[in-house]
Q: 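To start, I am sharing the structure in question, which I have written as structure tokens.
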Amino acid sequence: MNRISPVGFAALLTLAANVFGQNSAPVLAPGQGAGAPPAYAFDITKADIDLLLKNNPGGDKQIRVVDMGKYNMGVGIIYRGPTNDKPGDPINVLYHDYTAETYIITSGSGILTTGGVIENKKPSTGVPNVMNGPSGSGIAGRGAYSRRVQTGDIIIIPTGVAHGWSQITEHVTYLSVRPDPDRVLPAGWVYPTLLNNRPDEVKANKPATPGN
């Protein structure tokens, strides 16, 4: 029977401590290992969002898409103005083949319909959009769920689930966080308006030099 000497056992513990952090998560340098995430963070400032809403009003704007290592992550800002529908009208819905969405309502309100059967289901044609990748549309059918959502609400919409807005009297604005495990979104994408609006780098305080 082979035995590990105390010295060898201590070396194994040291190796394990170096490979795994305090929470047993692997510590990887940038680019180390398959699917390693970036070793830095990405900021989306309120100023960025305000700029897009002011200079590019209306619609869905993908702010940026980040390569997270094993998947991509997109974040968009969406503004929807008043709708001209009334209760009982058919509700147009969208669905996405590969991306889920989490809505974070930042202002306004409206009726959001999700789930259920998608009637007259039609896949989108042409080049997939940079917001959600391959998608489609239809009409909300049996089993769909409608409710009023407003500022502060958060809605999680799984991949393939129908979702559509109606009865927006003024507007609704919301962030959409889009995990992309199949990498259908263009990693590295930044909304063009923001490319020329990068903030100044914040300099870290340097420690004082001994003797000065």
Side-chain angles (χ1 to χ4, degrees), residues 42 44 48-49 52-53 55-85 89-150 153-168 171-195:
F42 297 81
I44 296 173
D48 290 340
I49 295 171
L52 291 183
L53 291 175
N55 292 356
N56 303 273
D60 188 336
K61 291 167 282 293
Q62 187 80 290
I63 302 172
R64 71 182 309 152
V65 179
V66 175
D67 183 343
M68 301 291 283
K70 293 184 178 180
Y71 62 99
N72 292 339
M73 175 72 77
V75 177
I77 182 72
I78 300 95
Y79 174 91
R80 297 189 181 278
T83 57
N84 297 319
D85 61 285
D89 285 351
I91 298 173
N92 295 313
V93 294
L94 300 173
Y95 65 91
H96 309 303
D97 295 319
Y98 297 99
T99 55
E101 294 189 273
T102 296
Y103 287 177
I104 304 168
I105 311 298
T106 59
S107 67
S109 64
I111 300 297
L112 180 63
T113 298
T114 57
V117 174
I118 303 175
E119 299 178 352
N120 300 325
K121 189 174 183 179
K122 297 177 182 179
S124 298
T125 59
V127 178
N129 63 60
V130 300
M131 282 80 74
N132 297 99
S135 303
S137 62
I139 302 296
R142 177 175 48 84
Y145 167 51
S146 298
R147 69 284 201 189
R148 178 166 293 278
V149 298
Q150 58 189 353
D153 289 344
I154 299 174
I155 304 94
I156 300 172
I157 304 172
T159 304
V161 170
H163 50 285
W165 290 94
S166 61
Q167 299 181 51
I168 301 175
H171 80 280
V172 62
T173 304
Y174 52 100
L175 290 165
S176 179
V177 180
R178 295 152 168 164
D180 175 26
D182 292 288
R183 297 182 180 276
V184 298
L185 304 181
W189 166 269
V190 177
Y191 199 88
T193 300
L194 300 179
L195 291 175

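FYI, the numbering just counts along the sequence from 1.
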Q: Identify the two heavy atoms, one from H171 and one from S107, that lie closest to each other, and give their separation to 0.1 Å.
A: NE2-OG, 2.9 Å
Q: Is there a side-chain contact between Y95 and S124 in this structure, where contact means two heavy atoms from C-beta onward sitting under 4.5 Å apart?
A: no
Q: Heavy-atom count around R142 CZ within 6.0 Å, excluding the residue itself: above 12?
A: no
Q: Supply the atom-to-atom distance Y174 OH to I77 CD1, rounded to the nearest 0.5 angstrom.
A: 9.5 Å
Q: Quick one: CG on L185 to CE on M73, what's the gap to the nearest 0.5 Å?
A: 10.5 Å
Q: Can you tell me how far apart CZ (R64) and CG (N72) are? Round to the nearest 0.5 Å.
A: 12.5 Å
Q: Applying side chain to side chain contact (heavy atoms under 4.5 Å, CB included), run through I49 and I44 and close with a yes or a no.
A: CA-CA 8 Å; I49 295 171; I44 296 173; 4.1 Å; yes
Q: Would you call L112 and Y103 a side-chain contact if the rule is heavy atoms closer than 4.5 Å?
A: yes
Q: Yes or no on side chain to side chain donor-acceptor pair (under 3.5 Å) for Y98 and R183, after CA distance, side-chain angles and deciding distance?
A: CA-CA 9 Å; Y98 297 99; R183 297 182 180 276; over 6 Å; no
Q: Compare all side-chain heavy atoms of S109 with those of V172 and state whether any distance is below 4.5 angstrom.
A: no
Q: Do the non-hydrogen side-chain atoms of D180 and Y71 ever get within less than 4.5 Å of each other?
A: no
Q: Verify the distance criterion only: is there a donor paired with an acceptor across the side chains of T193 and N56 at less than 3.5 Å?
A: yes
Q: What are the two closest heavy atoms between A100 and P179, and how far apart are they?
A: O-CD, 3.6 Å
Q: Please evaluate residues T159 and T99 with respect to the criterion side chain to side chain contact (heavy atoms under 4.5 Å, CB included), reporting the C-alpha separation (whole Å), side-chain torsions for both, the decisive distance (0.1 Å), and the verdict.
A: CA-CA 5 Å; T159 304; T99 55; 5.6 Å; no
Q: To the nearest 0.5 Å, tell me how far I168 CD1 sits from I111 CD1.
A: 9.5 Å
Q: Do D85 and Q167 make a side-chain contact, defined as non-hydrogen atoms from C-beta onward lying under 4.5 Å apart?
A: yes
Q: For the residue pair H163 and H96, does the interplanar ring angle fall in the parallel (under 30°), tilted (30 to 60°) or perpendicular (over 60°) class?
A: tilted
Q: Write down the atom of V93, the atom of G164, and the distance for their closest heavy-atom approach.
A: CG1-N, 3.9 Å
Q: Any side-chain heavy atom of V190 sitting closer than 4.5 Å to one from F42?
A: no
Q: Where is the tightest heavy-atom contact between S135 and D97, given as atom of each residue plus distance?
A: N-OD2, 3.8 Å
Q: Kindly check if the number of other-residue, nucleotide or ligand heavy atoms within 6.0 Å of CD1 (I156) is above 12?
A: no
Q: With heavy-atom distances below 4.5 Å as the criterion, would you say the side chains of I118 and I139 are in contact?
A: no
Q: Rounded to the nearest 0.5 Å, how far apart are CG of N132 and CG of D60?
A: 6.5 Å
Q: Roughly how far, to the nearest 0.5 Å, is CD of Q62 from OG of S176?
A: 7.5 Å
Q: Where do V177 and E101 land on the side chain to side chain contact (heavy atoms under 4.5 Å, CB included) test, with the steps shown first?
A: CA-CA 6 Å; V177 180; E101 294 189 273; over 6 Å; no
Q: What's the shortest heavy-atom distance between S137 and L94, and which atoms?
A: CB-CD2, 4.0 Å
Q: Mind running side chain to side chain contact (heavy atoms under 4.5 Å, CB included) on T102 and I157 for me, showing each step along the way?
A: CA-CA 6 Å; T102 296; I157 304 172; over 6 Å; no
Q: Is a side-chain N or O of N129 found less than 3.5 angstrom from the main chain of M131, in a donor-acceptor match?
A: yes
Q: Considering only heavy atoms from C-beta outward, does the side chain of I154 approach that of I105 to under 4.5 Å?
A: no
Q: Taking atom CG of N84 as the centre, report whether more than 12 heavy atoms of other residues, nucleotides or ligands fall under 6.0 Å from it.
A: no
Q: Which pair of non-hydrogen atoms, one from S166 and one from T83, has the smallest distance, and what is that distance?
A: C-OG1, 3.7 Å
